[in-house]
Amino acid sequence: MMLFSSMTMFISLILTLISFWLPLISPNTEKLSPYECGFDPLASARLPYSMRFFLVAILFLLFDLEIALLLPTPWAIQLLNPIMALSWASTIIILLTLGFIYEWLQGALEWAE
């Protein structure tokens with residue numbers, strides 16, 4: 001137990017020292033910026049916001065929700081009637097795939113026009 005504790009402390013100390021040492025090797029304006037969002041933090045807060053970033057965020061949330069809805073599927077398959085669980089999982093996947101195809105065909109996923 002003592003060996004395990006000492007190895008854990010040693011590895012934690014080494015990783016902490018490396019994490020403080022690595023950023024100091026080549027600092028630049030992006031690394032020194034307090035925000036990593038691509039916006040100038042000292043500029044006006046009233047700048048127009050691109051709707052493309054909003055669309056990407058909504059798509060990420062949509063597909064993240066898909067994963068959350070499909071997580072119980074492996075446990076539901078072990079029930080007495082797994083057909084119902086598989087049909088609901090298939091319905092979710094089909095609906096999201098159709099929505100994705102619709103957005104693709106409408107050009108919503110094109111970053112540059």
message: Can you tell me how far apart CD (Glu66) and CG (Leu71) are? Round to the nearest 0.5 Å.
response: 10.5 Å
query: For the atom pair CD1 (Ile67) and CG (Leu62), what is the distance rounded to the nearest 0.5 Å?
result: 10.5 Å
message: Is there a path of hydrophobic side-chain contacts, each under 4.5 Å between heavy atoms of I/L/V/M/F/W/Y residues, joining Leu70 to Leu86?
response: no
Phe100-Leu69 co-clustered via ILVMFWY side chain contacts under 4.5 Å: yes
query: What are the two closest non-hydrogen atoms of Ala89 and Thr73, and how far apart are they?
result: CB-OG1, 3.9 Å
field: Interatomic distance, Ser12 atom OG to Phe10 atom CZ [nearest 0.5 angstrom]
entry: 10.5 Å
message: Could you see if Leu95 belongs to whatever hydrophobic cluster contains Met84? Use Ile, Leu, Val, Met, Phe, Trp, Tyr and a side-chain cutoff under 4.5 Å.
response: no
query: Quick one: does Ser6's side chain have a donor or acceptor within less than 3.5 Å of a partner on Leu3's backbone?
result: yes
query: Rounded to the nearest 0.5 Å, how far does CG of Leu96 lie from OG1 of Thr91?
result: 11.0 Å
